[in-house]
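See below for the structure under consideration.
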Amino acid sequence: MREFVHTYPYLVFCLVGLGLFGGLLMHCPGQRKPALWSGLLCVPFGLSGAWLVPVYWDPRLVWSIGRVGVEDLLFCFVTGGLVWLFSAWWWRDHLAVEIQMRFVSGAYAALLVLGLLCFGTAWLILRDPMAAVWMAFGNGTAVFLLLRPGSWRLAVAGAAGFGLYYGLSTMAWIWLVPEFADSWPAAGRWNAPVGGVPQGEFVWAVTFGACWPSWMAYLFRAEVMKEST
């Protein structure tokens with residue numbers, strides 16, 4: 001088991017996160033459905049590994065197609081679910097959601113295309129995949145907050161909560177399994193370590209933590225009821 005952990009630290013890191021996600025779901029029954037949908041809708045972003053490997057990072061994968069591993073899909077499911085719970089936690093008993101699949105599927109597809117266009121344009125200009133990701137997240141957050149201004153609290157809580165969780169958990173995992181740091185052999189200018197973690201990871205966690213709950217709040221028509229304000 002120890003050899004497996006040190007050989008595939010990315011997979012085990014994802015499995016630990018999956019365990020945390022499951023535990024939080026048990027203590028937040030009112031947000032189980034949106035949290036699970038948030039995770040599922042995030043899964044396709046695991047395909048971004050095709051762009052980020054090896055120019056930003058290159059983890060050891062158990063099994064992959066091209067440059068995308070099953071770990072990438074699991075990572076996106078876990079992070080998509082966790083970031084919703086971190087953002088919704090303070091209002092979990094007063095956060096109303098209305099998930100209508102026809103609206104969710106149509107709006108998700110349209111906004112996904114717009115996001116990819118933003119990402120692609122930023123990449124062509126900046127020639128830096130991670131900077132393009134952050135620009136897409138930043139622009140996305142602005143758009144989603146315009147579409148649903150009341151979701152600003154979820155965006156702030158997501159950025160703070162997920163940023164703190166991801167930064168600390170990644171630092172702890174690198175301390176426990178130093179081989180995990182080898183996942184970022186070529187992070188370029190974003191590779192300067194903070195507690196062993198490339199600084200780009202902190203920026204990613206904060207920008208993702210703000211953008212994703214804002215998007216999901218729009219798709220789920222989430223509303224913090226007045227009793228909690």
Side-chain angles (χ1 to χ4, degrees), residues 8-25 28 31-53 56-88 97 99-120 129-130 132-134 136-137 140-141 144 154-155 158-159 161-163 165-166 169-170 183 201 204-222:
Y8 300 106
Y10 181 30
L11 173 63
V12 180
F13 180 72
C14 294
L15 292 175
V16 171
L18 182 63
L20 174 63
F21 179 44
L24 291 177
L25 282 179
C28 195
Q31 295 302 316
R32 285 176 187 168
K33 186 175 181 180
L36 287 170
W37 271 112
S38 180
L40 288 171
L41 291 173
C42 195
V43 168
F45 287 85
L47 301 177
S48 64
W51 293 304
L52 299 177
V53 175
Y56 177 73
W57 86 321
D58 193 12
R60 176 173 288 187
L61 303 173
V62 174
W63 179 79
S64 65
I65 297 178
R67 290 178 287 188
V68 177
V70 65
E71 294 92 334
D72 297 316
L73 305 179
L74 178 59
F75 176 80
C76 285
F77 173 72
V78 170
T79 54
L82 282 177
V83 74
W84 177 262
L85 290 179
F86 286 137
S87 64
V97 298
I99 301 178
Q100 297 182 355
M101 290 313 302
R102 180 176 295 182
F103 172 76
V104 170
S105 58
Y108 175 81
L111 291 168
L112 178 61
V113 170
L114 290 175
L116 289 173
L117 288 174
C118 178
F119 169 75
M130 282 307 291
V133 167
W134 305 329
F137 282 153
T141 301
F144 301 138
L154 297 176
F162 184 76
Y165 154 76
Y166 184 77
S169 64
T170 306
S183 299
E201 292 298 288
W204 170 82
V206 172
T207 53
F208 173 76
C211 181
W212 192 259
S214 306
W215 188 4
M216 295 302 103
Y218 173 70
L219 295 181
F220 301 157
R221 298 177 179 178

_Minimum heavy-atom distance between A50 and V68, given as atom pair plus value_ = N-CG2, 3.7 Å
_So W84 and L36, do their side chains get closer than 4.5 Å, heavy atoms only?_
no
_The test is ring-ring contact (aromatic ring centres under 6.0 Å, His included); show your working for F45 and W212 and say whether it passes._
CA-CA 12 Å; F45 287 85; W212 192 259; 5.4 Å; yes
*Does a side-chain heavy-atom distance below 4.5 Å link T207 with T141?*
no
*Got a second to check how far R67's CZ is from D58's CG, nearest 0.5 Å?*
9.5 Å
*Decide yes or no on ring-ring contact (aromatic ring centres under 6.0 Å, His included) for F137 and F144, but give the supporting numbers first.*
CA-CA 10 Å; F137 282 153; F144 301 138; 9.9 Å; no
*Would you call V133 and Y56 a side-chain contact if the rule is heavy atoms closer than 4.5 Å?*
no
_Separation between CZ of F208 and SG of C42, rounded to the nearest 0.5 Å_ = 4.0 Å
_Would you compute the distance between atom SG of C118 and atom CG of L116 and round it to the nearest 0.5 angstrom?_
9.5 Å
*asked:* Looking only at the aromatic ring of each residue, does the gap between the centers of W37 and Y108 stay below 6.0 angstrom?
replied: no
*How far apart are the closest heavy atoms of P34 and F220, and which atoms are they?*
O-CE1, 3.5 Å
*Please report the closest heavy-atom contact between A222 and V97, naming both atoms and the distance.*
CB-CG1, 4.0 Å
_Atom pair CG (L11) and CD (E71), whose distance is rounded to the nearest 0.5 Å_ = 5.0 Å
*Value rounded to 0.5 Å, distance of SG in C76 from CG in L41*: 12.0 Å
*What are the two closest heavy atoms between G46 and D72, and how far apart are they?*
O-CB, 3.5 Å
*Answer whether the closest heavy-atom distance between the side chains of Y8 and L15 falls below 4.5 Å.*
no
*asked:* Looking at every non-hydrogen atom in both residues, tell me the closest pair between V53 and P59 and how far apart they are.
replied: CG2-CD, 4.3 Å
_Backbone N/O of G80 and side chain of S38: donor-acceptor pair under 3.5 Å_ = yes
_So I99 and K33, do their side chains get closer than 4.5 Å, heavy atoms only?_
yes
*Side-chain contact, heavy-atom cut-off 4.5 Å: F77 with L18?*
yes
*asked:* How close do A136 and G115 get, counting heavy atoms only, and between which atoms?
replied: CB-O, 4.4 Å
*Between CH2 of W215 and CG of L112, what distance do you get to the nearest 0.5 Å?*
5.0 Å
*May I ask you to decide if the ring planes of F162 and Y165 are parallel, tilted or perpendicular, using 30° and 60° as cut-offs?*
tilted
*asked:* For F75 and F13, take the angle between the two ring planes, folded into 0 to 90°, and tell me which bin it lands in: parallel under 30, tilted 30 to 60, perpendicular over 60.
replied: parallel
*Go through the steps to decide whether Y10 and V62 satisfy the test side chain to side chain contact (heavy atoms under 4.5 Å, CB included), and finish with yes or no.*
CA-CA 9 Å; Y10 181 30; V62 174; over 6 Å; no
